[in-house]
Amino acid sequence: QEQLAESGGGAVQAGGSLTLSCRYSGYTVSSVSMAWFRQVPGKGREGVAVIHTSSGSISYSDSVKGRFTISKDTANKILSLQMNSLKVEDSATYYCAAALYYEDDPWSDDNAYHIWGQGTRVTVSP
């Protein structure tokens with residue numbers, strides 16, 4: 001059974017908005033942090049945003065700061081990523097990730113996370 005299930009991807013024009021959702025369950029409910037990553041073919045996964053469970057602190061990559069908003073609805077167990085002012089370069093497969101405990105890696109490194117969703121595709125056209 002999937003512990004992380006993303007949805008909400010699709011095609012949008014540049015300047016538009018999309019909201020991604022990640023329904024979480026199982027071990028991820030007690031994760032110490034949850035994040036969104038993205039990946040384009042031929043490149044590694046890029047950390048987009050993270051939210052830490054106990055402190056609620058949030059960080060964003062410079063490439064999305066001011067345009068994307070991460071949030072977590074603990075009652076319904078949904079991690080969201082509101083994406084505004086989308087650019088062509090935001091096109092990627094977006095992944096939800098959960099860290100069950102803290103590793104020594106920074107939040108933007110995919111080695112910091114233990115459970116991953118299957119991804120949802122976002123395509124931004126000019």
Side-chain angles (χ1 to χ4, degrees):
Q1 183 178 357
E2 286 184 333
Q3 299 192 59
L4 296 173
E6 302 96 335
S7 61
V12 64
Q13 285 193 316
S17 299
L18 274 178
T19 299
L20 305 183
S21 297
C22 173
R23 191 169 295 275
Y24 60 93
S25 62
Y27 291 115
T28 65
V29 173
S30 57
S31 59
V32 296
S33 66
M34 296 190 72
W36 286 97
F37 278 71
R38 64 187 182 186
Q39 187 173 28
V40 297
K43 292 192 175 182
R45 284 185 284 207
E46 174 193 7
V48 173
V50 65
I51 184 166
H52 298 278
T53 301
S54 59
S55 67
S57 66
I58 289 171
S59 297
Y60 296 96
S61 67
D62 288 343
S63 60
V64 307
K65 200 174 296 181
R67 300 188 296 121
F68 290 12
T69 302
I70 188 172
S71 60
K72 190 177 181 184
D73 178 349
T74 55
N76 294 299
K77 299 184 179 61
I78 297 174
L79 181 75
S80 298
L81 186 69
Q82 173 69 43
M83 305 187 294
N84 298 326
S85 303
L86 282 161
K87 303 176 181 180
V88 172
E89 52 265 41
D90 292 321
S91 297
T93 298
Y94 284 72
Y95 297 91
C96 176
L100 302 183
Y101 50 87
Y102 283 113
E103 302 277 7
D104 289 336
D105 306 278
W107 75 263
S108 55
D109 189 323
D110 57 7
N111 289 317
Y113 301 89
H114 307 105
I115 298 177
W116 292 83
Q118 293 300 307
T120 185
R121 177 74 184 160
V122 172
T123 302
V124 185
S125 59

Query raised in the report: Should Tyr101 and Trp107 be counted in the same cluster of Ile, Leu, Val, Met, Phe, Trp and Tyr side chains packed under 4.5 Å apart?
Result: no

Report task. Could you note down all residue pairs passing side chain to side chain donor-acceptor pair (under 3.5 Å) where residues 21-35 supplies at least one of them, sequence neighbours left out? Result -> none

Report task. Please assess Ser63 against Lys87 for the test side-chain hydrogen bond (donor to acceptor under 3.5 Å, both in side chains), listing each intermediate value before the final yes or no. Result -> CA-CA 10 Å; Ser63 60; Lys87 303 176 181 180; over 6 Å; no

Report task. Sorted by first residue and then second, give each ring pair (Phe, Tyr, Trp, His ring centres under 6.0 Å) pair with at least one member in residues 39-72; sequence neighbours left out. Result -> His52-Tyr102

Report task. Please name the pair of heavy atoms, one in Ala99 and one in Ala112, separated by the smallest distance, quoted to 0.1 Å. Result -> CB-O, 3.4 Å

Query raised in the report: Got a sec, which pairs hit salt bridge (charged side-chain N to carboxylate O under 4.0 Å, His left out) with one end in residues 102-126, sequence neighbours left out?
Result: Arg45-Asp110

Query - By side chain to side chain donor-acceptor pair (under 3.5 Å) - contacts of Ser57 (at least two apart) - result: Ser55

Query raised in the report: What are the two closest heavy atoms between Cys22 and Leu4, and how far apart are they?
Result: SG-CD2, 3.8 Å

Query raised in the report: Counting distance only, does the side-chain N/O of Glu6 pair as donor-acceptor with the main-chain N or O of Cys96 below 3.5 Å?
Result: yes

**Report entry** Side-chain heavy-atom pair Thr19, Met83 within 4.5 angstrom cut-off
**Finding:** no

Query - Qualifying residues under salt bridge (charged side-chain N to carboxylate O under 4.0 Å, His left out), relative to Arg67, sequence neighbours excluded - result: Asp90

Query - Residues Glu46 and Ser108: side-chain donor-acceptor under 3.5 angstrom - result: no

Query raised in the report: Applying the side-chain contact (heavy atoms from CB on, under 4.5 Å) test to Val50, which of Phe37, Trp36, Tyr113 qualifies?
Result: Tyr113

Query raised in the report: Do Leu81 and Val48 touch side chain to side chain, with heavy atoms closer than 4.5 Å?
Result: yes

Requested in this report: Please answer whether the main-chain N or O of Ile78 pairs with a side-chain N or O of Asn76 as donor and acceptor at a distance below 3.5 Å.
Outcome: no

Requested in this report: Measure the CG-OG1 distance between Leu18 and Thr123 for me, rounded to the nearest 0.5 Å.
Outcome: 9.5 Å

Query raised in the report: If only atom types and distance count, is the side chain of His114 paired as donor or acceptor with the main-chain N or O of Leu100 below 3.5 Å?
Result: yes

Query - CD1-OG distance between Ile51 and Ser71, expressed to the nearest 0.5 angstrom - result: 7.0 Å

Requested in this report: Establish whether Ile58 and Leu20 are linked, either directly or via other cluster members, by ILVMFWY side-chain heavy-atom contacts under 4.5 Å.
Outcome: yes

**Report entry** Ser17 side chain vs Asn84 backbone, donor-acceptor pair below 3.5 Å
**Finding:** no

Report task. To the nearest 0.5 angstrom, please state how far the CG atom of Leu79 sits from the CD1 atom of Ile70. Result -> 4.5 Å

Report task. Just grab all the side chain to side chain donor-acceptor pair (under 3.5 Å) pairs involving residues 91-100, residues at least two apart or on different chains. Result -> Arg38-Tyr94

